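Below: one structure, written as C-alpha cells.
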Amino acid sequence: MRWSKTLLETLKETPAEAEIVSHQLMVRAGLIRKLAAGLYNYLPLGFRVIRKIEQIVREEMDAAGAVEVQMPILSPAELWQETGRWSKYGAELFRVKDRHERDFALGPTHEEIITDMVRKSVRSYRQLPINLYQMHTKFRDEIRPRFGVMRAREFIMKDAYSFDRDDKGAEDAYKKMFETYQSIFKRCGLRFKAVEADSGAIGGSFSSEFMVLADTGEEAIASCTKCSYAANVEKAQGRIASPNIQEAPQEKKLVATPGKHTVEEVAEFLQVPITRLAKTMLYFADGKLYAVVIRGDREVNEIKLKNAIAATELVLANPEQIKQATGAPVGFAGPFDLKGIEKVLLDDSLEGAVNLVSGGNQADTHATGVNLGRDFTPTEVCDLRVAQAGDLCPSCGEPLTIERGIEVGHVFKLGLKYSQAMKATFLDEAGKEQYCVMGCYGIGVSRIAAAAIEQNHDEFGICWPLPLAPYQVVLLPVAPKDPKAREMAEAVYAELQAAGVEALLDDRDERAGIKFKDADLIGIPLRLTFGKSVAENKIELKRRDQKEAELVPRLGIVARIKMLCADMLSAGA
Ligand code: ATP
Ligand code: MG
C-alpha cells in the first residue's frame with residue numbers, strides 16, 4: 001500500500017479524553033476515530049489489525065474443530081424472555097422496537113439465539129458434540145464506555161458455544177477451548193495469564209478469564225507467589241494472614257463516640273487496633289435487607305455477597321432503611337438487635353474473634369466487648385471480602401500478590417442453564433430425551449488490539465508484535481532530491497509485494513524527520529530507509545523494537561526481510 005492512497009493521518013496532539021496510552025496511540029497513529037461515546041470508526045490501518053486478529057482466532061478455532069456461523073445482531077425479545085434475561089440484563093442491553101412495536105435486543109452475547117438455533121436442528125446424540133462460533137459485532141450500553149475500543153458500546157467479539165451429550169463431554173469441550181485460547185493469545189504475541197473468574201450475568205458453574213497483564217488494566221488479579229493459583233479479585237479467596245486476638249470475653253458496653261464515623265476515626269478514638277472493629281454494613285437486595293459484619297480493615301466484595309445470597313440486584317441500604325433496621329443514623333450500625341433483617345452474614349475474617357468494637361445502634365455511640373454467639377448470632381459465616389496482597393493462597397498457603405490485567409477472553413462452563421430454560425434437548429442412544437450440556441467462550445477481538453498496544457509501545461509510539469502489525473515493513477525514501485532513492489524504494493516495494501510481504505511505502509513529499517516520526521508512531525516492525533547510501537546500493541534496515549539500524553546490501557533484501565519476518569512470527573508462537 002502507498003501511504004498517499006490510504007486514509008492514514010497521524011496526529012501530533014494527544015486527544016484530551018484519552019486516559020490510557022493505547023487509546024492515545026490508536027487515535028494518534030490513525031487506527032481509529034471516534035464517532036460518539038463508545039463508538040469508533042476503524043480507519044484502514046486499524047481495520048487491518050482487526051483482520052489479523054480475526055484470522056488468528058479463526059484459524060485456531062477451526063483447528064479445534066469449531067464451526068463458524070453467523071447470527072443476526074437483532075434478536076426478538078421473546079427469546080430473552082424465555083431465560084428471564086430480558087428483565088435481568090438491565091440497562092446494558094440495547095433495546096429497540098420495530099414498526100409493529102415489537103421488542104428486539106441488539107445482541108450483547110448470543111446464548112439465547114444459538115440455543116434456539118440448536119434446539120431447532122439438533123435431534124439426536126449423533127449430532128453432538130458441536131461447537132459453533134461467530135465473529136461479529138456486539139452491542140452493550142456500557143455504564144462507562146472508555147479507553148477507546150477497550151470498553152466500547154459496539155465492539156467485535158468472537159463468541160463460541162459448545163453443546164455436548166453429558167458433563168464429561170462438556171468438560172472436554174471446555175478444556176479444548178482453554179487450550180485453544182492459550183494458543184490464540186500466544187500467537188497474538190501477548191503476555192497473559194488465565195485466572196479463575198466469577199460467572200457473572202451469563203451464569204453457569206465455572207469460568208476462567210484470560211488477562212493481558214498491564215498496569216492500566218481494569219481487573220485486579222490475585223496470584224500466588226509460589227503455586228499456579230490465580231483468580232480475579234472478584235472471586236479470589238485470600239486466607240487471612242493476621243489472626244484475631246484471643247482473650248477472655250468482656251462485658252458489652254456502650255461508649256460515646258461523638259462525630260466518629262469511619263473505622264479509622266473510631267479505632268484511634270478508642271485506642272484499639274482497626275482489626276478489632278466489626279464493621280456492620282447493610283445492603284438491600286431483591287426487596288430484602290441484609291447485614292454484613294466484616295473486620296474493620298477489610299472491604300466487602302459485593303460479587304461474593306451477591307452470590308452468597310443469590311441476589312440479582314444489590315445496593316447499599318439507604319439512610320432511611322438503616323434508621324429502620326438499627327434505630328441510628330448512618331455510621332453507627334452494630335450487628336446486635338437489628339430489626340427486619342433477612343440474614344446477618346459474618347465474613348470469616350472475624351470467625352472466632354472476641355471483644356469486638358462495633359456501632360452501638362445509637363447516634364454517636366459505639367459498643368465495646370461485642371461477642372459472637374452472646375451478643376449476635378450470624379445466619380451464615382463465609383468469605384465475603386476483597387482479597388488483598390499478603391493474604392494467603394487458598395491452595396498452598398503462601399502469600400498472594402495483586403497485579404492488574406485486561407480481560408481479553410472468557411470461557412464458561414454453562415451446564416444446563418440455557419438448555420433447560422429453552423428446552424434444547426436431544427434423544428440419547430436409548431431414545432431418551434436429554435438436555436444439551438453447554439459451554440460458552442468469548443474473545444474481545446477489538447479489545448485485543450488495544451491490549452496489545454498497552455503491552456507493546458515506547459515513548460515514540462506503537463511497537464506492533466509482527467502477527468498483529470498492519471504491515472510488516474514500511475519503506476521510507478528520504479532523499480527527495482535523489483531520484484535513485486525513490487526508484488530503489490519503488491523497486492523493492494514491488495519485489496516485496498510480489499513475495500507476499502505486507503509493505504507500506506511512504507510516498508509522501510514529507511521531510512525525513514516527519515517520515516521517521518510517523519513510522520515510529522504507527523509501529524511497523526521493520527523499517528527500510530532509502531537515503532544517501534543508495535549510491536552504494538545499500539539500504540538502512542531497522543527493527544522497531546531495537547535501537548540500532550544496520551546498512552544492508554540491496555541485493556538479497558527481500559530474502560532478508562522474509563527471514564526476519566519468519567523469525568519474528570515464530571518468536572510470538
Ligand atoms: P468486562 O468485565 O470487561 O465488562 P465481560 O465479563 O462483560 O467483560 P464477556 O461477557 O465475557 O465480558 O465478553 C467476552 C469478551 O468480550 C471479554 O472477555 C472482553 O474481551 C470483550 N468485551 C466485553 N465487553 C467489552 C466492551 N464493552 N468493549 C470491548 N470488548 C468487550
Ligand atoms: Mg461487561
Side-chain angles (χ1 to χ4, degrees), residues 20 22-23 26 32 34-40 42 46 49-50 53-54 57 61 85 88-94 105-112 114 133-161 174 177-178 180-182 184-185 188 190 192-204 206-214 216-221 231-235 302-303 404-414 417-418 439-454:
I20 59 170
S22 58
H23 185 189
M26 284 185 92
I32 56 167
K34 179 173 165 181
L35 177 65
L39 303 177
Y40 289 87
Y42 288 96
V49 176
I50 296 295
I53 299 167
E54 286 183 346
V57 174
M61 290 301 292
R85 283 212 293 185
K88 263 196 197 163
Y89 217 104
E92 212 175 280
L93 188 67
F94 270 107
L106 298 182
T109 175
H110 275 72
E111 284 78 13
E112 280 80 357
I114 197 104
Y133 79 97
Q134 65 172 350
M135 202 89 70
H136 215 1
T137 302
K138 292 280 182 279
F139 291 83
R140 290 184 186 182
D141 200 357
E142 295 279 354
I143 193 164
R144 257 191 95 192
R146 57 180 186 158
F147 300 159
V149 301
M150 194 85 95
R151 185 166 295 288
R153 295 198 296 167
E154 176 177 336
F155 59 97
I156 305 166
M157 196 202 285
K158 185 285 299 171
D159 44 329
Y161 308 86
Y174 180 90
M177 279 299 105
F178 192 96
T180 302
Y181 274 35
Q182 289 192 305
I184 290 172
F185 299 125
C188 289
L190 298 166
F192 65 96
K193 205 172 225 178
V195 310
E196 287 179 21
D198 182 71
S199 302
I202 295 191
F206 189 81
S207 85
S208 296
E209 287 167 343
F210 289 81
M211 299 286 194
V212 164
L213 303 173
T216 49
E218 288 183 288
E219 308 289 336
I221 309 162
N232 191 317
V233 162
E234 289 177 352
K235 153 118 190 184
E302 293 187 0
I303 292 176
R404 304 218 58 97
I406 301 165
E407 180 196 322
V408 287
H410 204 164
V411 292
F412 291 86
K413 269 209 295 230
L414 288 175
K417 184 177 152 101
Y418 293 89
C440 79
Y441 318 93
I443 287 187
V445 170
S446 39
R447 187 180 280 183
I448 288 179
I453 297 174
E454 285 297 322

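Bear in mind the structure is a predicted one, so any value in this text is a computation, not a measurement. Ligands are counted one by one from 1 in listed order, and the atoms in each one are counted from 1 as well.
Only the side chain of Glu219 comes within 4.0 Å of ligand 1, judged by heavy-atom distances. When heavy-atom distances to ligand 1 are checked against a 4.0 Å cut-off, Arg447 comes that close only through its side chain, counted from C-beta outward. Contacts between Asp159 and ligand 1 below 4.0 angstrom, taking non-hydrogen atoms only, are absent altogether. Counting heavy atoms under 4.0 Å from ligand 1, residue Arg140 touches it through the side chain alone.
Residue nearest to atom 4 (O) of ligand 1, selected from Arg151, Glu92, Glu209: Arg151 (by heavy-atom distance). Of all the listed residues (Arg144, Lys158, His410), His410 holds the heavy atom that lies closest to atom 11 (O) of ligand 1. Relative to atom 24 (N) of ligand 1, the option among Phe155, Phe139, Tyr441, Phe147 with the closest non-hydrogen atom is Phe155.
Between Glu218 and ligand 1 there is no heavy-atom distance shorter than 4.0 Å. For Ala152, the heavy-atom gap to ligand 1 drops under 4.0 angstrom.
In summary, of the residues considered (Phe206, Phe210, Tyr441), a ring-ring contact (aromatic ring centres under 6.0 Å, His included) with Phe178 occurs for Phe210 alone.
The salt bridge (charged side-chain N to carboxylate O under 4.0 Å, His left out) test applied to Lys193 returns Glu403, not counting sequence neighbours. Residues satisfying the side chain to side chain donor-acceptor pair (under 3.5 Å) criterion with Arg146, sequence neighbours excluded, are Glu218.
A salt bridge links Glu111 to Arg85: one of the charged nitrogens lies within less than 4.0 Å of a carboxylate oxygen.
No side-chain heavy atom of Lys158 sits less than 4.5 Å from a side-chain heavy atom of Glu54.
Side-chain N or O atoms of Arg153 include none that pairs as donor or acceptor with a backbone N or O of Leu39 at under 3.5 Å. Looking only at distances, no side-chain donor or acceptor of Tyr42 sits under 3.5 Å from a matching main-chain atom of Val49.
Note: no N/O pair closer than 3.5 Å links Phe412 and ligand 1 by distance alone. Ligand 1 has an N or O atom lying under 3.5 Å from an N or O atom of Val408, backbone or side chain. For ligand 1, one of its N or O atoms has an N or O atom of Glu142 under 3.5 Å away.
Which parts of ligand 1 touch Gly409 is read off a 4.0 Å heavy-atom cut-off, strictly below it: atoms 18 (O).
For Leu35, the CG atom sits in a packed shell: over 12 heavy atoms of surrounding residues, nucleotides or ligands are nearer than 6.0 Å.
Summarising the geometry, atom OG belonging to Ser446 is positioned 10.5 Å from atom CE belonging to Met150; distances are rounded to the nearest 0.5 Å.
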